[in-house]
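All values below were derived from every heavy atom in this structure, side-chain atoms included, with hydrogens, water molecules and symmetry-related copies excluded.
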Amino acid sequence: MAGEGGVYRLRCSLAGHGQDVRGLTSGLFPQGGFVSVSRDRTARLWAPDGLNRGFTEMHCMSGHSNFVSCVCIIPPSDLYPRGLIATGGNDHNICIFTVDKAAPLYILKGHKNTVCSLSSGKFGTLLSGSWDTTAKVWLNDRCMMTLQGHTAAIWAVKILPEQGLMLTGSADKTIKLWKAGRCERAFTGHEDCVRGLAILSEMEFLSCANDASVRRWQISGECLQVYYGHTNYIYSISVFPQCKDFVTTGEDRSLRIWKQGECAQTIRLPAQSVWCCCVLENGDIVVGASDGIIRVFTESLERTASAEEIQAFENELSQASIDPKTGDLGDISADDLPGREHLKDPGTRDGQTRLIKDNGKVEAYQWSVSEGRWIKIGDVVGSSGATQQTSGKVLFEGKEYDYVFTIDVNESGPSYKLPYNITDDPWLTAYNFLQKNDLNPMFLDQVAKFIMDNTKGQTLVNTTTQFSDPFTGAGRYVPGSSAGSNTVPAADPFTGAGRYVPGSTSNAVASVGKADLYTGMGAYQSPAAKTENIYFPKKEAVTFDQANPTQILGKLKELNGSASEEQKLTEDDLIILEKILFTICNTSAETPTAQQLQTLWKAVNWPEDIVFPALDILRLSIRHPTVNENFCSEKDHVQFIILLLKFLNPKGKQANQLLALRALCNCFVSQAGQKLMMQQRDEIMTQAIELKSGSNKNVHIALATLTLNYAVCLHKVNNIEGKAQCLSVISTVMEVVQDLEAIFRLLVALGTLISDDTNAVQLAKSLGVDSQIKKYASVSEPTKVSECCRFVLNLL
């Protein structure tokens with residue numbers, strides 16, 4: 001493919017689109033074909049023409065009400081064996097087409113601005129990036145999850161080969177890696193908007209940006225290499241099949257072919273913006289540009305265009321106008337340029353440009369190694385006597401400079417680029433230049449004098465520049481850096497004293513009055529019973545019911561002694577709380593009164609270091625229909641949720657985290673609580689998942705139970721976005737949790753979510769959940785873990 005070492009020449013030029021060609025992708029059907037999209041609001045499917053070297057337009061697809069900016073192929077499925085075509089547009093929509101119909105099969109709506117990037121994954125998943133700063137994950141015709149975190153437009157998205165991993169590149173100059181819908185890592189280094197991404201392997205990818213650089217990254221976060229060559233924005237990057245060579249296109253009118261990390265060939269085009277490129281299976285390169293023409297280049301002599309076609313392309317190129325303001329050709333001073341005789345000397349490398357003056361006009365030529373001649377690439381307009389000061393700055397290695405000089409140290413050796421700003425010290429610049437390029441320090445005076453002579457005595461101004469780490473920026477916030485996992489001492493981990501421990505393992509979990517899988521009682525099944533799935537779909541919420549009222553009250557009274565005067569509970573208050581507790585725990589027919597609930601609310605607003613016995617009373621009380629209705633109703637639910645979310649702070653006390661999670665689990669017992677929990681699902685789950693990184697297994701069990709209770713509700717209402725969030729939480733928590741009871745509850749949640757729902761099964765597969773849980777199929781004790789796991793794997 002790219003490794004054959006051949007030279008790329010024109011294969012064909014395809015006219016069809018009426019405006020800029022903005023997106024290209026190689027197609028699965030027909031073989032060797034591709035799809036293009038344009039500002040003319042259409043997408044076109046092209047098939048190789050068997051008779052000659054060209055392509056034929058098979059059909060034209062329309063469905064967008066504005067420019068079409070990106071395209072990708074959704075792989076074949078049983079329903080669509082030829083795959084589907086997805087296009088994104090300025091109308092904020094994504095259109096899905098079959099390969100043989102002009103109108104869309106369906107339209108995906110959800111983005112609030114231009115959809116400018118698309119990528120497809122396994123099992124029919126589609127990832128979209130938009131100027132609305134979000135990326136969305138779609139499965140068939142439904143949005144499964146929204147990835148939020150970038151602060152500017154998302155220009156590039158890619159689904160990685162490893163299931164569940166996704167990349168987004170943004171105008172905020174960062175690339176983010178997402179796993180199961182959560183941001184795992186940010187890649188910083190680019191100095192301008194990230195425009196394109198390309199996958200090299202499971203472990204590596206490439207990015208290109210407006211800073212005129214390409215970067216090669218490891219998934220772990222390390223930047224392995226930076227490639228420079230373009231002199232302006234790079235819009236698109238595409239990888240050759242089965243190797244690490246790649247191609248790029250940009251605003252400098254060029255297509256560049258990179259082999260073994262070097263720019264091996266530069267092909268200029270007669271259009272300023274070369275928006276997009278893709279590599280076909282046979283290694284041919286397709287490019288789309290601002291002149292509306294698609295051009296295909298090939299290494300194959302059999303597929304190369306005829307001499308007449310190549311001459312026509314060169315004529316078109318020679319008539320192009322080059323604007324010196326783009327900086328593509330460096331500093332131009334027409335008076336100093338040589339005449340046509342300058343073209344008698346051969347060039348030193350492929351793609352080298354040379355400017356000459358002919359009859360008062362400035363012309364640009366590029367050296368072609370394969371042809372052994374200079375090819376005219378255009379007329380330079382508005383360049384008579386223009387200096388860098390009038391034509392703007394030059395971009396070099398992603399930064400702007402007043403001058404970029406080409407220095408030839410000796411005639412046979414390579415030439416070097418020397419960037420310079422008039423605010424720089426010429427001696428220091430010369431010294432740094434010699435150091436960087438490992439050149440003889442003898443040249444110091446010579447280089448410094450060259451700089452001063454060629455900047456025509458521009459004044460030097462001292463500027464102080466404040467240094468900021470280019471990879472992190474100053475004062476970067478690193479989440480979780482200060483909150484390490486706590487090891488729990490043997491004394492009461494929550495107060496350091498007393499015997500009442502709200503999270504102790506003896507505080508087993510059972511639904512009152514019935515033996516249950518969640519207590520471990522009756523978990524052993526005889527071999528004969530193993531064929532029946534008794535684990536999921538779970539129909540009822542799992543609650544935390546067990547309590548020792550005497551211990552809770554004792555701790556409450558003890559801590560009341562240390563409360564401030566205005567927060568101290570009176571004797572009457574303590575009697576009221578005792579009454580509530582015994583009413584709740586003894587399942588008496590009495591109903592808690594409004595006064596009792598006011599006193600409970602006063603107690604749960606105690607300071608964080610002493611509030612936990614009051615939270616435990618709330619955890620038990622919320623199971624009572626009256627209390628549930630009171631706290632979860634439309635009137636009071638806001639303060640109630642704010643209170644519980646406050647205790648889910650990862651840096652807070654573990655006792656409070658545990659009891660707040662258990663209280664949220666117990667909310668699910670009544671209609672009002674279920675309604676509230678579903679309304680606030682996004683916020684609750686986002687906060688709760690932050691507790692995964694702690695070391696307390698009881699917190700992990702409570703977190704798994706909360707997820708399970710959401711799965712129970714979502715199984716009833718079949719809300720696919722809710723299921724996607726739950727699946728994402730399960731996948732994320734599975735990574736870190738080791739307690740087998742927590743794992744068991746997550747497996748039941750997973751089984752409940754995907755039961756009777758093919759979309760949820762596909763989504764779980766695309767997140768890679770099946771490979772995550774396989775290891776639990778061989779757990780010997782408790783047997784419920786392996787049994788439940790096997791039932792889930794059967795569904796997947």
Side-chain angles (χ1 to χ4, degrees), residues 191 211-213 226-232 252 254 256 262-263 266 322-338 342-343 345 347-357 362-367 374 377 380 382-463 465:
E191 295 177 17
D211 62 10
S213 76
V226 186
Y227 308 90
Y228 295 109
H230 281 276
T231 55
N232 212 320
D252 56 5
S254 75
R256 292 178 195 247
E262 297 290 325
C263 180
T266 302
I322 301 172
D323 183 351
K325 292 192 187 68
T326 58
D328 300 345
L329 303 169
D331 193 359
I332 300 164
S333 176
D335 299 340
D336 306 336
L337 291 174
H342 192 42
L343 299 178
D345 304 329
T348 54
R349 66 183 190 284
D350 193 75
Q352 180 185 356
T353 52
R354 198 165 265 187
L355 301 178
I356 63 156
K357 194 173 173 186
V362 177
E363 297 178 350
Y365 285 81
Q366 177 176 299
W367 179 252
W374 291 97
I377 59 170
V380 182
S383 57
S384 50
T387 67
Q388 200 53 54
Q389 298 321 107
T390 57
S391 64
K393 293 202 167 203
V394 191
L395 204 62
F396 176 68
E397 292 192 349
K399 298 190 178 81
E400 286 186 326
Y401 293 90
D402 296 316
Y403 298 91
V404 177
F405 300 113
T406 302
I407 307 274
D408 290 307
V409 180
N410 57 51
E411 284 188 6
S412 58
S415 56
Y416 299 93
K417 293 288 187 196
L418 189 160
Y420 179 75
N421 282 318
I422 55 172
T423 53
D424 294 345
D425 179 323
W427 296 93
L428 185 61
T429 303
Y431 173 76
N432 288 339
F433 166 75
L434 295 172
Q435 289 278 96
K436 178 184 175 185
N437 295 296
D438 203 14
L439 299 171
N440 194 323
M442 272 172 45
F443 292 120
L444 182 64
D445 288 358
Q446 208 178 327
V447 175
K449 185 175 183 303
F450 173 87
I451 293 171
M452 289 185 283
D453 290 348
N454 284 279
T455 53
K456 304 180 181 68
Q458 293 276 357
T459 53
L460 301 175
V461 183
N462 279 333
T463 58
T465 54

Please enumerate all residues that pass side-chain contact (heavy atoms from CB on, under 4.5 Å) together with Asn432, with sequence neighbours excluded. Leu428
Which residues satisfy the side-chain contact (heavy atoms from CB on, under 4.5 Å) test with Asn440, sequence neighbours excluded? Met442, Phe443
Going by side-chain hydrogen bond (donor to acceptor under 3.5 Å, both in side chains), name the residues that satisfy it together with Gln352, two or more places apart in sequence or in a different chain. Thr348
Which heavy atom of Ala430 sits nearest to which heavy atom of Ile451, and what is that distance? N-CD1, 4.2 Å
Euclidean distance, Leu343 CG relative to Trp367 CH2, rounded to 0.5 Å: 9.5 Å
Between Pro426 and Tyr420, which heavy-atom pair has the shortest distance, and what is it? CD-OH, 3.7 Å
At what distance, to the nearest 0.5 angstrom, does OH of Tyr365 lie from CG of Leu355? 11.0 Å
For Lys417 and Pro419, the nearest pair of non-hydrogen atoms, with its separation, is O-CD, 3.6 Å
Checking the side chain of Asn437 only, and the main-chain atoms of Leu439 only, is there a donor and an acceptor separated by less than 3.5 Å? no
Residue pair Gln366 / Ile377: nearest heavy atoms and the distance that separates them: CB-CG2, 3.7 Å
A side-chain contact here means heavy atoms from C-beta on lying under 4.5 Å apart; do Tyr403 and Leu418 qualify? no
If you compare all heavy atoms of Cys263 against all heavy atoms of Arg256, which two are closest, and at what distance to 0.1 Å? SG-CB, 3.9 Å
Can you tell me how far apart NE2 (His342) and CD1 (Ile356) are? Round to the nearest 0.5 Å. 9.0 Å
Would you say Asp252's side chain and His230's backbone share a donor-acceptor pair under 3.5 angstrom? no
If you round to the nearest 0.5 Å, how far is OH of Tyr431 from CG of Leu444? 9.0 Å
Output for pair (Thr429 OG1, Met452 CE), nearest 0.5 Å, gives 10.5 Å
Those residues at least two apart in sequence (or on a different chain) that pass ring-ring contact (aromatic ring centres under 6.0 Å, His included) with Phe450 are Phe405
Minimum-distance pair of heavy atoms, taken over all atoms of Trp427 and Ala448: CE3-CB, 3.6 Å
